[in-house]
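The chains referred to below are lettered A, B, ... by the order of the sequence lines, with proteins before strands, and numbering in each begins at 1.
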Amino acid sequence: MKEIEKAYEAKMYEDSIYKMWEESGIFSPKVDPNKKPFTISMPPPNATGVLHLGHSSMLALEDAMIRYKRMQGFSALWLPGTDHAGIATQNRVEKNLLAKGITRQDLGREKFLEEVDKFVEKSRGTIRSQIRKMGASCDWSRERYTLDEGLSRAVREVFSRMYHDELIYRGSRIVNWCPRCGSTLADDEVEYQEQNAKLYHIKYQVKDSDKFVVVATVRPETMLGDSAVAVNPSDDRYKDLIGKILILPLQGREIPIIADEHVDLEFGTGALKLTPAHSIVDWEIGKKHGLKEFQVIDEEGKMTKSAGEKYAGLFAKEAQKQIIEDLIEQDLLVKTEELANKLSVCYRCKTAIEPLISKQWFVSVDKPIIQDGDKKKSLKEKAIEVVRNKEIEIIPEHFDKTYFNWMENLHDWCISRQLWFGHQIPVWYCDDCSEVIVQADEPSKCTKCGSEKLTRDPDVLDTWFSSGLWTFSTLGWPERTTDLEYFHPTSVLETGYDIIFFWVARMILMTTYALNTIPFEKVYLHGLIRTREGKKMSKSNPESCIDPLDMIDKYGTDALRLSFLIGSTPGNDMRLYEEKIAGYRNFVNKIWNASRFALMNIDNEAFESPFTTDDIISRADKWILTKLQYLIKDVTEDMENFRFSDAGTKIYNFTWCEYCDWYLEISKGKHLNPKVLLHVLEDVLKLIHPFIPFVTEVLWGNLNKDKMLIAESWPVFSKDLLFVEEVEEMEILHQIISDIRSVRSEYGVEPGKKIHATIYSGKYKNFLEEKKEPLMRMARIENLTILESGDKIDHAVCVFVGNVEVYLPLQELVDVEKERARLQKELDNIKPFAKSLESKLKNQSFVSNAPEAVIEKEKKRLFEVQQQIEKFEKQLNEL
RNA sequence: GGGCGAUUAGCUCAGUUGGCUAGAGCACCUCGUUUACACCGAGGGGGUCAAAGGUUCGACUCCUUUAUCGCCCACCA
């Protein structure tokens, strides 16, 4: 017998429990050929960040999966780490420095990187401790960081292999350029913002003619770099002009009028000015027609010499103003329209993107390279194939459409970034013979001429290049480590659907290339966490924005975890608010108190010997054990199928509604069976442990266990513990008590007042005799008479439970009118139902088409319902 | 323009391959400190499952159309 605190205080236990787990070494699985591996690579949080709701929901889900599999006997590896997040981190540090009036250029590359490292070290410490706060049972001994030597080596190795396979090439192409970051961006790193733009209609004169073609543009400053004007070949307005020459205003350059299908007849004037150097679409059209490119804007967003002396050196915006003025002066501006369009901006700093032509490194996604049988497949084809043939399964399934759509439209991926922070590209240029040397390790001299004068490419790689290798670079690749052999491919990738493209797709591309295998078998996509109003959680509305650390402080980690797991389904966004978390805190406390009750009522010897079937005594025992078996079966299935919400809900209901409200209540007094009480509690603690690890572990510790709960094995469904008959009986008892309580309440019987009752029990006589005590206690009855059958009792309210008749002689309280109304209400309720069942069973097509089981069920129900009606009617008539 | 998702009780959400008179939590109403728990217990009210068609013996579930909201992709210069 033991007494624990009246309420669970999470703060008192969480840190020490985590410490106990971590120090025990259980987070670090061994490579064990006798066990099956189960692996999750934790999506590495950015090295800049603090824990937000997205992280905590991810951690709750992944930890639940890992703990479940660990308990099932898998060698479960959850590998944690952090991502250096190139642009984001560099921007952050630059901003911090700028507050002190220092630019990165002031420091120089080396010093600046030292600053970044200092910042990252601190930031990683924060995120590590916050991951621990969430109770994440990840293997810290295998923690990785994308800039670790090992991972960097993997990055260089992959780059080098891809280069020599001609999958990586350097070329001048149009790229998305962020003038603020001073770097290229990948296509999917560009975001769009709604804006109200002005559409300028500008006249271009046809050479040797007084005719004009009017073009419409929102960026008149790019006209200085125009190479042509395109019209749709089917556009009657311009048919005759195709092939003619125009004089480009302000520049005086001659440019052709060309025909291209791409031009939209409806938009603007139907004449499209082409600036191949500063528009991605124009560049593509330009390629088709062999147009020249004139770069008129440079990397800083300033006009170049090609823009003409008057404009050179001006920022694009300034140049625009000047150009408009100049056009007006020459009477070339026809009109200005308002236009709602989308501005492309950098996803990191929201600066307007400047498309321009630049020499960059690209990954070719279309070149056939991966050997697959006797065919060679491109990165893209292979990445599509492994999802299409279900080698990789996406949950929920419908996201594969999104994936295919993106993959099918994927263009070559620009991977070089003009940043300082990141993996520097493993390319060296020989200053003497111009040889390009690409290899994983730094060369000491030129492989061609032997010169030692080598210059390394200053650019770094896109962060997603290294993240793309995450599942295997973290396991030691390119070495053939035992970890890699054993734990890869990983089992599940759990992440938000918002980074399917950035990350999931790239991991698939990179892994199928580098290892010729998939990175993971399943992709579980969670939704975004939103405010109660359904808005995105952002610092701009602190009102409904929730900080997970505050919630942990207030309600405990378990409550927070449960609120992510219950009520959310894969791929769907979820609203989170404080009351929800408080509700789960209540549940955590309920479990605490159920255990408290057990501990107070069980003496030491019950803890000593393990539970066996010999310990089963009462029908209540059999009932709860049966229910427990179904729970184990259901929950295990749900966990296997990633239905965490269902699993959680079922355990919640079992624990609260069946174990606490009925089994424990019935157990009070003489009927308490410590062995069964304890056994059920133990299994419940095991089943819910992956969801709420802290409180369950604390309670487990109180049950005199020598092993930690985290290390226990998952409960197994046992047929020997199924007792169908007893379940039926217990449900009768349940119903009798509920009905009596209902009548009491309806008749306004004071809760404390005890009443008399007579039960005509039919075949349940023995059973009800056995349960007489709890029945009387729970329904507040004194003088309970149980007979097999008997005559109707006057001045008594009667309720029917199956064939059992319960009479409550409430004497003066029984009001004939009230009783009539009550019975009538029951009848009104039940009669239409009986009718629908009848007609259903009379329906020939139902009887011939529906499965046997369904028909039997309906027949049984009709029989029961008819009996009920009979009884109610008899009662009503005799009133 | 293309695609995806959502629409179920006042609120937040479940509802697995079609087969309970559609469920839970919160909120609400009535009552209550009976020796685990007021972070509690007992009882109760509340839904024509967005709309209309269709398939089926049977539709919240499948199909078509529509409406509203949300997201993603492509982009009109």
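Comparing U16(B) with C62(B), their P atoms sit 9 Å apart, to the nearest whole Å. Nucleotides A38(B) and G32(B) are separated by 11 Å at their C1' atoms, to the nearest Å. Only the C1' atoms considered, A42(B) is 47 Å distant from C4(B), to the nearest whole Å. Between C37(B) and G15(B), the distance separating the two P atoms is 36 Å to the nearest Å. Taking atom P in both C72(B) and C60(B), one finds a spacing of 33 Å when rounded to whole Å. Between the P atoms of U68(B) and C26(B), the separation comes to 36 Å (whole Å). With C1' as the reference atom, U12(B) and A77(B) are 45 Å apart, rounded to whole Å. Using P as the reference atom, A59(B) and C28(B) are 38 Å apart when rounded to the nearest Å.
Straight-line distance from the CD1 atom of I529(A) to the P atom of U12(B): 16 Å, rounded to whole Å. For R643(A) and A24(B), the CZ to P distance is 20 Å, given to the nearest whole Å. In this structure, the CZ atom of F644(A) is 18 Å from the P atom of U16(B), given to the nearest Å. For the pair K753(A) NZ and C31(B) P, the computed distance is 18 Å after rounding to whole Å. Between E397(A) atom CD and U16(B) atom C1' the separation is 13 Å, expressed in whole Å. Rounded to a whole Å, the CG atom of D638(A) is 14 Å from the P atom of A14(B). One can place CG of L565(A) at 19 Å from P of G25(B), the figure rounded to the nearest angstrom. E782(A) has its CD atom 17 Å from the P atom of U34(B), to the nearest Å.
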Practice item. Test side chain to side chain donor-acceptor pair (under 3.5 Å) on D187(A) and H411(A) and set out the steps. Key: CA-CA 8 Å; D187(A) 291 349; H411(A) 298 297; 5.4 Å; no
Point to revise | Stepwise ring-ring contact (aromatic ring centres under 6.0 Å, His included) test for Y555(A) and Y584(A) | key: CA-CA 9 Å; Y555(A) 302 104; Y584(A) 291 121; over 10 Å; no
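In terms of heavy atoms, S836(A) sits closest to F833(A) at OG-O, 3.0 Å.
A donor-acceptor pair under 3.5 Å links the side-chain atoms of R777(A) to the main chain of E665(A), judged by distance alone. Between the side chain of D558(A) and the backbone N or O of F694(A), at least one donor-acceptor pair lies under 3.5 Å. At distances below 3.5 Å, at least one donor-acceptor pair connects side-chain atoms of T531(A) with backbone N or O atoms of K535(A).
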Practice item. At under 4.0 Å between heavy atoms, which parts of nucleotides 70-77 of chain B does protein reach? Answer with one letter per nucleotide, 5' to 3': B base, S sugar-phosphate only, - none. Key: --SSBBBB
Practice item. Spell out protein contact along nucleotides 36-46 of chain B as letters: B when the base is contacted, S when just the sugar-phosphate is, - when no protein heavy atom is under 4.0 Å; keep the 5' to 3' order. Key: BB-BSSSSS--
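K835(A) comes within contact range of no nucleotide atom at all, as no heavy-atom separation falls under 4.0 Å. Within the 4.0 angstrom heavy-atom criterion, base atoms lie near P851(A). S848(A) comes within 4.0 angstrom of no nucleic acid atom, judged by non-hydrogen atoms across all strands. Residue contacts for D498(A): at a heavy-atom cut-off of 4.0 Å it reaches no nucleic acid atom on any strand shown.
Listed nucleotides C57(B), U12(B), G32(B) differ in distance to A850(A); the shortest reach to its side chain belongs to C57(B). Distances were taken from every side-chain heavy atom of R575(A) (C-beta onward) to each of U12(B), U16(B), C20(B); the shortest belongs to U12(B). Distances from the side chain of F846(A) to the nucleotides U12(B), G19(B), G5(B) place G19(B) closest.
Counting only N and O atoms by type, the side chains of Y192(A) and N341(A) include no donor and acceptor under 3.5 Å apart. Q735(A) and D739(A) share a side-chain donor-acceptor pair at under 3.5 Å. With hydrogens and angles left out, the side-chain atoms of Y347(A) and E191(A) include no donor and acceptor closer than 3.5 Å.
Side-chain contact check for E194(A) versus K342(A): some heavy-atom pair is nearer than 4.5 Å.
The ring-ring contact (aromatic ring centres under 6.0 Å, His included) test with W656(A) singles out one residue from F654(A), Y652(A), Y659(A), and that residue is Y652(A).
With Y577(A) as the aromatic partner, R532(A) meets the cation-pi criteria of under 6.0 angstrom to the ring centre and within 45 degrees of the ring axis.
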Check your understanding: For RNA chain B, what dot-bracket results from Watson-Crick or G-U pairs at under 3.5 Å, with [ ] for crossers and | for inter-strand partners?
Key -> (((((((..((((.....[...)))).(((((.......))))).....(((((..]....))))))))))))....
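By the 4.0 Å N-to-carboxylate-O rule, R219(A) lies close enough to E221(A) to be salt-bridged with it.
Residues N653(A) and R780(A) each lie close to RNA chain B; by heavy-atom proximity, the contact nearer the 5' end of the strand is made by N653(A).
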